[in-house]
Amino acid sequence: MKKTFLVKVLCPCLLLLCFFSCERSDIVTSLEEKKLFSLQYGNFEDELNLFSLSSYTPVQTSIQMTDGFFYIANGESKKVMEFNSYGDLISIYYNSDVNPEPAFALEQTDGQTSVTAARKAVEYPFNSLGDIAVDTKKNLYIVDKLPVERQERDVENRLLLSQVILRFSSDGTYIDYIGQQGPGGVPFPYVKNIYTTRQNELVVVCQTNTGMTVYWYNDAGYLLYTIPFEIDLLPNPLKEQSDFEMFVSLEKICPSYTDRTLFVSIDYYTTTVDSASNVQSGIDYTATLTYPLDVETGTYGQPLTIPPYEQTVTDGFSKQVYPLSFDFLGVTSSGWLFFMIADETGYTIQMIQENGQKIIKRHLDVDHNETLYYDFCLSPEGILSVLFAGAETADIAWWRTDTLIDAFLKS
């Protein structure tokens, strides 16, 4: 049954309880990167088309890792590839108008899917690929843009409704597409991210003109909840602590893997006033709070205060420290929230327990000069994987942050 509601806000005095002390690991050491395999650039079935890296066109390539298998959506070539951890191509979903028939494909018997003993090739007329997700049954979910003649307009909310979620079964069979109301529904506005949960429920996060909207579906694809997040209605417990105007930025929304909870990460900014002229001179980052939201009741729980990244700038004998917000990566099945930010020598990772009791910080050593494009993903187990596109090849690597967390808890 469909349930639609506006997000409820707890009493500000309750939200202020988030400012509690945490047990944390302040020593930032480096994690060891393990390079798994590389992909060549080209148009063959096991190659990436990233020839647009030298242009100003947005890159439409992303990666997901599930149970040691890597799914890469290459929007530039309108295909999705599945690899094992050794770099062997397991399956490919491709638009035959822009891709040659895979060399391993046998003569098709059913007009759609071609299968060998270990690999499969699936033809589908993809238009413009977006995010991808895989559930525990190995069903594949792909965001695709509809042709112009099938797109719709939401005049009241001034939105272009142009995207749907395509569903393929584990054997490569096309099931259907999901729209706002479920199978065959009205197209979505711009889809930022899609997720699947342990119960194989699909979560779709869309960008709107006034914030974001989350659609939550059961394992059959039928709509359970629609949760709109209006910027003007987001919680702001810091407002009463400041004499200046404060701005709220909805940074990211990620679902829990284990239950019907959304984690809503919000950045807060405060205006600065020039003391001499008494006029606004800028906007300063103030804090990041991440709230758990019970989807079934629409009620926020106590937020976590996310410690900022401190960037040090030295000019001669003076030194300034500027706080910066981390990017929210997601939540593991064990309840750790992952945050990341790029720095001069790579990336700083901050892992925080859901209850805020423990914080782990680690560094990923990466030479930015060798990277033209990258895309990170976080698995439910807590493995951090990445696609690094360089000048010659694209490298797939991971960091076993799951074993780090296990060792940290045992110690």
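Bear in mind that the values here come from a model prediction, so they are computed numbers and not experimental data.
The closest side-chain heavy-atom distance from Ile359 to Pro307 is below 4.5 Å. By the 4.5 Å heavy-atom criterion applied to side chains, Pro308 and Leu324 are not counted as neighbours. Proximity of Val143 to Ile132: side-chain heavy atoms (C-beta onward) are nowhere separated by under 4.5 Å. In this structure, Asp327 and Lys252 have side chains that are not in contact, with every pair of non-hydrogen atoms separated by 4.5 Å or more. In this structure, Phe376 and Trp398 have side chains that are not in contact, with every pair of non-hydrogen atoms separated by 4.5 Å or more. Looking only at side-chain heavy atoms (C-beta outward), Thr401 and Leu31 come within less than 4.5 Å of each other. With a 4.5 Å cut-off on side-chain heavy atoms, Leu364 and Trp399 count as touching. Side-chain atoms of Gln180 and Pro187, non-hydrogen and from C-beta on, never get closer than 4.5 Å to each other.
Here the straight-line distance linking atom CG of Leu140 with atom CD of Gln64 works out to 10.0 Å at 0.5 Å rounding. Rounding to the nearest 0.5 Å places CD of Gln40 at 6.5 Å from CD of Glu47. In this structure, Thr290 OG1 and Ile306 CD1 are separated by 3.5 Å, a value rounded to the nearest 0.5 Å. Here the straight-line distance linking atom CD1 of Ile405 with atom CZ of Arg362 works out to 10.0 Å at 0.5 Å rounding. With values rounded to the nearest 0.5 angstrom, Leu404 atom CG is found 12.5 Å from Glu32 atom CD.
The ring of Phe339 has its center closer than 6.0 angstrom to the ring center of Phe328. The aromatic ring centroids of Phe37 and Tyr86 lie 6.0 Å or more from each other. When ring centroids are compared, His368 and Phe388 stay outside the 6.0 Å threshold. Proximity of the aromatic rings of Phe263 and Tyr291 is defined here by a centroid distance below 6.0 angstrom, and this criterion is not met. Outside the 6.0 Å centre-distance limit, the rings of Phe83 and Tyr71 are not counted as a close aromatic pair. A ring-centre distance under 6.0 Å is found for Tyr374 and Tyr347.
For the pair Lys145 (side chain) and Gln163 (backbone), a donor-acceptor distance under 3.5 Å is absent. At distances below 3.5 Å, at least one donor-acceptor pair connects side-chain atoms of Ser333 with backbone N or O atoms of Pro380. Ser256 contributes a side-chain N or O that, together with a main-chain N or O of Asp259, makes up a donor-acceptor pair within less than 3.5 Å. Between the side chain of Ser249 and the backbone N or O of Glu251 there is no donor-acceptor pair closer than 3.5 Å. At least one donor-acceptor pair under 3.5 Å links the side chain of Ser379 to the backbone N or O of Ile383. Side-chain N or O atoms of Gln207 include none that pairs as donor or acceptor with a backbone N or O of Val191 at under 3.5 Å. Formation of a donor-acceptor pair under 3.5 Å by the Thr208 side chain with backbone atoms of Gly211 is found in this model. For the pair Glu152 (side chain) and Ser162 (backbone), a donor-acceptor distance under 3.5 Å is absent. The backbone N or O of Glu245 sits less than 3.5 Å from a side-chain atom of Thr271, completing a donor-acceptor pair. A donor-acceptor pair is defined here as one N or O able to donate and one able to accept, closer than 3.5 Å; such a pair exists between the side chain of Asn99 and the backbone of Asn95.
Side-chain atoms of Ser91 and Glu82 form a donor-acceptor pair, as typed in the model, at a separation below 3.5 Å. Donor-acceptor pairing under 3.5 Å is recorded for the side chains of Asn74 and Thr61. A side-chain donor-acceptor contact under 3.5 Å links Ser96 and Glu123. Donor-acceptor pairing under 3.5 Å is recorded for the side chains of Asp267 and Thr288. For the residue pair Glu230 and Thr210, a side-chain donor N or O sits within less than 3.5 Å of a side-chain acceptor on the partner. For Thr348 and Asp343, the side-chain atoms include at least one donor-acceptor pair closer than 3.5 Å. If you check the side chains of Asp294 and Thr299, you find no donor sitting under 3.5 Å from an acceptor. At a cut-off of 3.5 Å, with distance as the only test, a side-chain donor of Glu201 or Trp216 sits close to an acceptor on the other residue.
Nearest heavy atom pair, residue Arg198 against residue Thr136, reads O-CG2, 3.9 Å. When every heavy atom of Ile92 is checked against every heavy atom of Phe104, the shortest pair comes out as CG2-CZ, 3.9 Å. Across Ile253 and Val205, no two heavy atoms sit closer than the pair O-CG2, 3.8 Å. The two atoms that bring Ile142 and Val80 nearest to each other are CD1-CG2, 3.8 Å, heavy atoms only. Here the closest heavy-atom approach between residue Thr314 and residue Lys319 is recorded as OG1-CG, 4.0 Å. The nearest pair of heavy atoms linking Thr332 to Gly382 is CG2-CA, 3.6 Å.
Around OH of Tyr373, the count of heavy atoms belonging to other residues, nucleotides or ligands within 6.0 Å exceeds 12. Around the CD atom of Glu156, the shell of radius 6.0 Å holds no more than 12 heavy atoms that belong to other residues, nucleotides or ligands. Annotation: Asp367, atom CG; neighbour count of heavy atoms from other residues, nucleotides and ligands within 6.0 Å is above 12.
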| field | From CA spacing to verdict: side chain to side chain contact (heavy atoms under 4.5 Å, CB included), Tyr141, Asp131 | value | CA-CA 8 Å; Tyr141 300 79; Asp131 202 16; over 6 Å; no
| Tyr309/Gln350 under side chain to side chain contact (heavy atoms under 4.5 Å, CB included): CA gap, chis, key distance, verdict | CA-CA 9 Å; Tyr309 174 79; Gln350 186 166 234; over 6 Å; no
| request: Tell me, with the steps shown, if Val214 and Val204 meet side chain to side chain contact (heavy atoms under 4.5 Å, CB included). | output: CA-CA 6 Å; Val214 176; Val204 181; over 6 Å; no
| task | List the steps and the verdict of ring-ring contact (aromatic ring centres under 6.0 Å, His included) for Phe168 and Tyr124. | result | CA-CA 10 Å; Phe168 295 86; Tyr124 189 86; 5.6 Å; yes
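Partners of Tyr195 by ring pair (Phe, Tyr, Trp, His ring centres under 6.0 Å), not counting sequence neighbours: none found. Applying the side-chain hydrogen bond (donor to acceptor under 3.5 Å, both in side chains) test to Asn157 and every residue at least two apart in sequence or in another chain returns Asp154.
Ion pair Lys79/Glu45 not flagged as a salt bridge, since none of the NZ, NE, NH1 or NH2 atoms sits closer than 4.0 Å to an Asp/Glu carboxylate oxygen. Ion pairing between Lys78 and Asp97 fails under the 4.0 Å rule for side-chain N and carboxylate O. Ion pairing between Asp135 and Lys137 fails under the 4.0 Å rule for side-chain N and carboxylate O.
When Ile194, Thr197, Val295 are each tested for a side-chain contact (heavy atoms from CB on, under 4.5 Å) with Val203, only one passes: Thr197. The residue from Tyr268, Tyr322, Tyr269 that alone fulfils the ring pair (Phe, Tyr, Trp, His ring centres under 6.0 Å) condition with Tyr285 is Tyr269.
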